[in-house]
Amino acid sequence: MAFLYSYIKNICAFTLVITLILNIFPDQRYKKYIKLFAGLLLLAIIFHPILQWKKTKINMDSAISKYTHGTYDTDLEKEIEDLENKINERIKNGTQTEN
C-alpha cells in the first residue's frame, strides 16, 4: 500500500511542478515545448514501475565467466577440432577419388 501511495504522490508532485513551470513562462511559444517534454516525462513516471516489475535481473559475473573462461571455451575448442577433422577427412577422400 505504501508503494501505491508513493506512486500517486510522485505523479501529483510532478503535475504540480509542471503547472508551476507553465505559469512562470508568460510566452505562449515555449509552453507547447514544455508540455511535450512534461508529457514524455509523465509517461516515463507512469510506466517506470511496470517496466521495473517486468525487468529480469542478470547476473553479470556468471554471464562474463560463461563467455570468457567457462564451458564456452571448451565447447568452442571441441567444435574447432571437429571441423578440422571433417576438413581433413574430406581432403583425404577427395584425393583418393581423384587418383
Side-chain angles (χ1 to χ4, degrees):
M1 193 63 154
F3 169 75
L4 185 63
Y5 176 73
S6 173
Y7 181 67
I8 292 172
K9 188 173 77 170
N10 285 341
I11 292 173
C12 290
F14 177 77
T15 307
L16 287 172
V17 169
I18 290 303
T19 304
L20 179 69
I21 290 172
L22 284 172
N23 287 329
I24 289 174
F25 286 104
D27 281 340
Q28 292 294 324
R29 61 182 175 171
Y30 295 121
K31 284 190 179 185
K32 61 182 175 182
Y33 299 113
I34 294 171
K35 285 182 180 181
L36 174 70
F37 184 69
L40 293 174
L41 284 178
L42 184 61
L43 285 174
I45 290 171
I46 290 171
F47 288 118
H48 185 263
I50 297 168
L51 295 174
Q52 288 297 329
W53 180 63
K54 290 284 185 180
K55 188 183 226 183
T56 58
K57 294 185 179 180
I58 299 172
N59 188 355
M60 289 303 291
D61 291 334
S62 66
I64 291 171
S65 66
K66 178 181 177 183
Y67 292 108
T68 56
H69 65 292
T71 58
Y72 179 77
D73 287 340
T74 57
D75 291 342
L76 183 61
E77 290 173 1
K78 183 179 177 186
E79 286 182 30
I80 291 172
E81 186 177 324
D82 290 341
L83 287 174
E84 287 176 349
N85 290 336
K86 287 180 182 179
I87 290 170
N88 289 334
E89 286 177 19
R90 286 186 181 176
I91 291 172
K92 287 178 185 176
N93 290 339
T95 56
Q96 290 175 357
T97 56
E98 290 176 8
N99 291 333

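In this text, all values refer to a predicted model and were calculated from it rather than measured experimentally.
- Taken from CD1 in I46 to CG in N10, the straight-line distance is 11.5 Å, to the nearest 0.5 Å.
- Residues meeting the side chain to side chain contact (heavy atoms under 4.5 Å, CB included) test with I80, sequence neighbours left out: L76, E84.
- To the nearest 0.5 Å, atom OH of residue Y30 and atom CD1 of residue I24 are 15.0 Å apart.
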*Run the side chain to side chain contact (heavy atoms under 4.5 Å, CB included) check on L20 and L16 step by step: do they pass?*
CA-CA 6 Å; L20 179 69; L16 287 172; over 6 Å; no

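- A donor-acceptor pair under 3.5 Å is formed between the side chain of T15 and the backbone N or O of I11.
- Applying the salt bridge (charged side-chain N to carboxylate O under 4.0 Å, His left out) test to every pair with at least one member in residues 29-41, sequence neighbours left out, gives these pairs: D27-R29.
- With rounding to the nearest 0.5 angstrom, the CG atom of L42 is 12.0 Å from the CZ atom of F37.
- Using a distance-only test at 3.5 Å, with no hydrogens or angles considered, no donor-acceptor pair links the side chain of Y7 to the main chain of P49.
- Interatomic distance, CZ of F25 versus CD1 of I34, reported as 4.5 Å (0.5 Å rounding).
- Interatomic distance, L43 CG to H48 NE2, rounded to the nearest 0.5 Å: 14.0 Å.
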